Amino acid sequence: MQWLGRRGSTNVEDRRGLSGGGIAAGGGIIGVIIYVLYTLLGGEADPSQMPISPGVQQAPMSTEEKKADDQRADFVKVVLADTEDVWNKIFADNGKKYTEPTLVLYRDAVASACGNTSSASGPFYCPEDSKLYIDLSFYQEMQDKLHAPGDFAMAYVVAHEVGHHIQKLNGVTQKIARIRQQASEAEANKYSVMLELQADFYAGVWAHYDQKMKNVLDAGDIDEALNAANAIGDDRLQKQATGTVVPDAFTHGTSQQRMYWFKKGYDTGDISQGDTFKEN
Ligand SMILES: [Zn+2]
């Protein structure tokens with residue numbers, strides 16, 4: 001993807017420099033005491049400032065690693081800016097107004113309105129605060145462990161999380177959350193899969209318009225995204241982890257499904273064709 005010198009989004013909270021992604025502002029026990037005092041004194045608890053125990057912390061980065069990390073940060077900012085341009089246009093074309101999400105860059109662990117999360121769980125979107133959370137080391141993980149290299153593989157991940165934001169704006173997230181509460185575990189997992197596949201579809205729609213509006217995709221970019229979709233399908237991840245595949249435990253969809261929906265979004269660019277709930 002051609003991204004150097006292009007606009008980067010300013011809807012970014014960079015918490016990489018903070019210990020634990022900004023969870024314990026004062027650090028460890030001091031942070032806990034400050035927090036307890038604060039809430040005892042009647043302060044409103046801000047989840048983003050809530051302390052958790054100082055957990056896993058990586059060794060400080062070398063100058064080289066920091067440079068690579070900063071470059072990745074610049075890249076995802078450009079991708080986020082592109083999602084803003086595309087979704088602002090699609091929403092406007094449909095007579096609606098798009099509310100842009102915020103991207104939080106963090107390292108190791110982070111507190112969101114959805115709770116405390118370690119980077120081991122990968123990038124995620126929290127509908128409660130409309131923010132995307134990404135630890136950029138996931139890039140490395142995709143490349144080394146999931147065999148999904150390439151800048152557009154990461155662009156796909158960002159676009160997928162933005163896809164969840166679209167679902168929140170459309171009210172799909174809330175609707176499915178209500179349905180899932182009444183459902184059995186297997187049934188609830190099925191709904192999770194449909195949500196995930198729709199986010200993949202929206203990522204494809206974004207790629208379609210990004211190319212149409214800006215002509216910035218390189219040959220091979222779509223293959224990088226498809227390869228990533230293939231690599232992070234539940235069946236593939238499960239097999240890697242346990243050696244077996246249990247369809248009921250799928251929450252993101254199979255590799256085949258993920259590639260299918262991303263490609264459908266990319267080929268059609270038509271948001272009305274993303275009814276994963278009807279088709280799966
Ligand atoms: Zn997802």
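All values reported here derive from a predicted model rather than from experimental measurement. Indexing begins at 1, ligand by ligand and atom by atom, following the structure's order. In what follows, every heavy atom counts, from backbone to side chain, and hydrogens, waters and symmetry copies are set aside.
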Fill in: Side chains of Arg107 and Ser137, donor plus acceptor under 3.5 Å
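There is no such pair (donor and acceptor under 3.5 Å, judged by atom type) between the side chains of Arg107 and Ser137.
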Worksheet item: For Lys168 and Ser130, does a side-chain donor sit closer than 3.5 Å to a side-chain acceptor?
Response: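 Result is yes, a qualifying pair exists.
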Fill in: Residue and atom names of protein N/O/S atoms that fall under 2.8 Å from the Zn ion (ligand 1)
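Counting only protein N, O or S atoms under 2.8 Å from the Zn ion (ligand 1), the list reads His160 NE2, His164 NE2, Glu196 OE1.
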Worksheet item: Does His208 have any ring pair (Phe, Tyr, Trp, His ring centres under 6.0 Å) partners at least two apart in sequence or in another chain, and if so, which?
Response: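 With neighbours one apart ignored, the set is empty.
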Discussion item. Suppose we screen for ring pair (Phe, Tyr, Trp, His ring centres under 6.0 Å). Which residues come up paired with Phe75, at least two apart in sequence or across chains?
Written reply: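 Residues passing ring pair (Phe, Tyr, Trp, His ring centres under 6.0 Å) with Phe75: Trp3.
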Fill in: The single option from Tyr98, Phe91, Trp87, Trp206 passing ring-ring contact (aromatic ring centres under 6.0 Å, His included) against His165
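Option passing the ring-ring contact (aromatic ring centres under 6.0 Å, His included) with His165: Tyr98.
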Worksheet item: Excluding sequence neighbours, so at least two apart, what forms side-chain contact (heavy atoms from CB on, under 4.5 Å) with Ala148?
Response: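 Result, side-chain contact (heavy atoms from CB on, under 4.5 Å) vs Ala148: Met142, Asn227, Ala228, Ala231.
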